[in-house]
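Notes follow once the structure below has been shown.
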Amino acid sequence: MRKTGWRKMRALPLASRLLLSHLLVMIVGVGTLVIIGKLSSPRFFVTRLQQLEGRGVLLRYTRTYLVDVFQTTWNRSTFWSVIAGATAAGGLSYWISQRIVKPLTQIEQVTQKFASGELGERLPASGIPEINRLANSFNRMAVSLEDVERRRRELVSDLTHELRTPLTVLRGYLEELATERIEATPEVYRQLARETRRLERLINDLQELSKAEAGYLPIKLESVNLRPLLVSLVQRFADQLLEDGPILRLECPDQLPKVLADIDRVEQVLVNLLGNALTYTKAGSITVSAGKELEGVKSSVSRLWIAVTDTGVGIAPEDLPHVFERFWRGEKSRNRDSGGTGIGLAISQRLIELQGGEIEVESQVAVGSTFRFYLPLA
Ligand code: ADP
């Protein structure tokens, strides 16, 4: 029996439960007060009367009357005090329970809307600090979820756009081959293979980018000296240079301060920057340089900078803000032929950011470009 009563109480809304628990506390308090008062007050009164009699005051004929009057007065005043106190306490506890429950109901409504896809919903500030903290955490989570959702939507739309072109080319060739409108020459097959390779590269880059953007790429930060990596990369790329192409050189002090970085990820970034420099530089030079950033130039922490400078085609000022955007390419048709996916720099930027650094670009059309990134010193 008691158990069902308890269960029923738990099924009530929070506001009613709060109110009931307040009332219960009040009943216990007032009840104790009344019972103890009822039991002890007349006795004290009688004792006081006896003390008065002891001092010679004559109360023999009025004693019973006085005790009766005292009890009636006590009962009446207690009755009205309980009524007034209970009304005031009941009203106050109703107000308090509403004050606690209202923001909770609001949180419930907002989270339900959020769950059904209305990601713009936010919780208002509350006067109760604990609920305010909860609202702030929820709002922060909402912002980051909205951001992830926005990125996901952009990625899907960019991706659809990027996949469509090679697929259209492939389908066009295959249909023409099927209806024998074109001859199956090795050149046609080479073109088909080129488009397939493009798709393959796109998928690989995309996989890497989605991992980097979602923060799934494992980054193992260690204290490393990057000089040996720079030397070996410059050697490796120098072997790929054509005789009439640009020269590749390294300008780096013998002693480089150590940085806190993941050497594999730094190599990935440098391979991308050097690859781009080679693609967009027909003659002149490509220089890899590194050094310690001058104290307090751009940030309060000491950093190492590494730059890849070329004397290539350069990037137009209006294009500069877009180079790190995924799928962005300079003159699209030219770069599509050169096989670029427009993802390399987006990945590089994310990788550098994951290591606590930043990357920037300076460029001038027909003069050349410098991609420079900073890494925190170990
Ligand atoms: P892609 O795979 O197309 O090279 P990136 O993200 O690496 O993709 O580069 C994006 C675009 O930035 C390139 O298409 C090119 O237009 C421009 N770009 C990158 N590096 C250079 C450079 N060194 N010189 C001139 N333009 C560059």
Side-chain angles (χ1 to χ4, degrees), residues 151 154-155 158-159 161-166 169 194-213 217 230 233-234 237-238 240-242 245-251 265-290 305-354 358-373:
R151 279 167 187 245
E154 278 173 13
L155 188 70
D158 286 350
L159 186 62
H161 177 77
E162 288 303 311
L163 286 174
R164 194 168 287 135
T165 316
V169 174
R194 249 202 308 275
E195 291 301 328
T196 325
R197 260 203 306 278
R198 229 190 96 65
L199 278 176
E200 208 172 51
R201 221 176 2 241
L202 192 65
I203 302 293
N204 288 342
D205 280 359
L206 215 74
Q207 194 181 20
E208 192 80 355
L209 178 72
S210 80
K211 276 197 223 156
E213 285 202 339
L217 272 188
L230 298 182
L233 274 176
V234 166
F237 273 83
Q240 296 177 23
L241 291 173
L242 298 173
I247 55 158
L248 181 59
R249 58 172 177 249
L250 176 66
E251 279 175 9
R265 303 300 174 196
V266 177
E267 177 170 358
Q268 203 175 340
V269 172
L270 279 166
V271 166
N272 180 39
L273 295 184
L274 280 166
N276 279 349
L278 248 60
T279 311
Y280 301 109
T281 311
K282 293 288 158 274
S285 66
I286 297 169
T287 313
V288 178
S289 45
W305 58 265
I306 298 171
V308 177
T309 307
D310 64 51
T311 56
V313 292
I315 303 165
E318 66 272 18
D319 289 342
L320 271 182
H322 304 291
V323 288
F324 294 108
E325 285 171 17
R326 58 174 174 240
F327 297 117
W328 187 88
R329 284 181 292 250
E331 288 167 38
K332 299 228 172 200
S333 53
R334 181 198 65 193
N335 295 312
R336 205 182 279 283
D337 283 347
S338 76
T341 56
I343 299 179
L345 285 176
I347 296 179
S348 299
Q349 187 183 40
R350 194 71 191 114
L351 288 179
I352 293 296
E353 282 172 0
L354 285 173
E358 66 177 313
I359 185 165
E360 61 186 24
V361 57
E362 283 163 29
S363 187
Q364 226 179 315
V365 175
V367 176
S369 320
T370 299
F371 283 86
R372 182 180 293 109
F373 60 89

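The structure presented is a predicted model; accordingly, all values stated were derived computationally and were not measured. Whatever order the structure lists them in is the order used to number ligands and atoms, beginning at 1.
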*Look at the rings of H322 and W328 and say which category their plane angle falls in: under 30° parallel, 30 to 60° tilted, over 60° perpendicular.*
parallel
*Side chain or backbone of D310 under 4.0 Å from ligand 1, or both, or neither, by non-hydrogen atoms?*
side chain
*Going by distance only, is there an N or O of R329 that falls short of 3.5 Å from an N or O of ligand 1?*
no
*asked:* So which atom in V308 and which in A277 form the shortest heavy-atom distance, rounded to 0.1 Å?
replied: CG1-CB, 4.1 Å
*Select one of side chain, backbone, both or neither to describe which atoms of I315 lie under 4.0 Å from any atom of ligand 1, heavy atoms only.*
side chain
_Could you check whether any side-chain N or O of S210 sits under 3.5 Å from a backbone N or O of Q207, counting only pairs where one atom can act as donor and the other as acceptor?_
yes
*For ligand 1, which atoms have a heavy atom of I343 less than 4.0 angstrom away?*
6 (O), 8 (O)
_Side-chain heavy atoms of I347 within contact of Q268, under 4.5 Å_ = yes
*Do any N/O atoms on V313 end up under 3.5 angstrom from N/O atoms on ligand 1?*
no
*Determine the sole option in L273, V269, V361 for which the side chain to side chain contact (heavy atoms under 4.5 Å, CB included) test with L345 is passed.*
L273
*Check the surroundings of atom CD in Q364: do more than 12 heavy atoms from other residues, nucleotides or ligands lie under 6.0 Å from it?*
no
_Residue-ligand contact F371/ligand 1, heavy atom below 4.0 Å_ = yes
*asked:* Looking at every non-hydrogen atom in both residues, tell me the closest pair between I306 and A290 and how far apart they are.
replied: CG1-CB, 4.0 Å
*Which part of W328 is near ligand 1, with near meaning a heavy atom under 4.0 Å away: side chain, backbone, both or neither?*
both
_Within the 4.0 Å heavy-atom shell around N272, which atoms of ligand 1 are there?_
7 (O)
*Please confirm whether G312 comes under 4.0 Å of ligand 1, counting heavy atoms of the residue only.*
no
*Within a distance under 4.0 Å of any heavy atom of G342, pick out the atoms of ligand 1 and give their elements.*
1 (P), 2 (O), 3 (O), 6 (O), 8 (O)
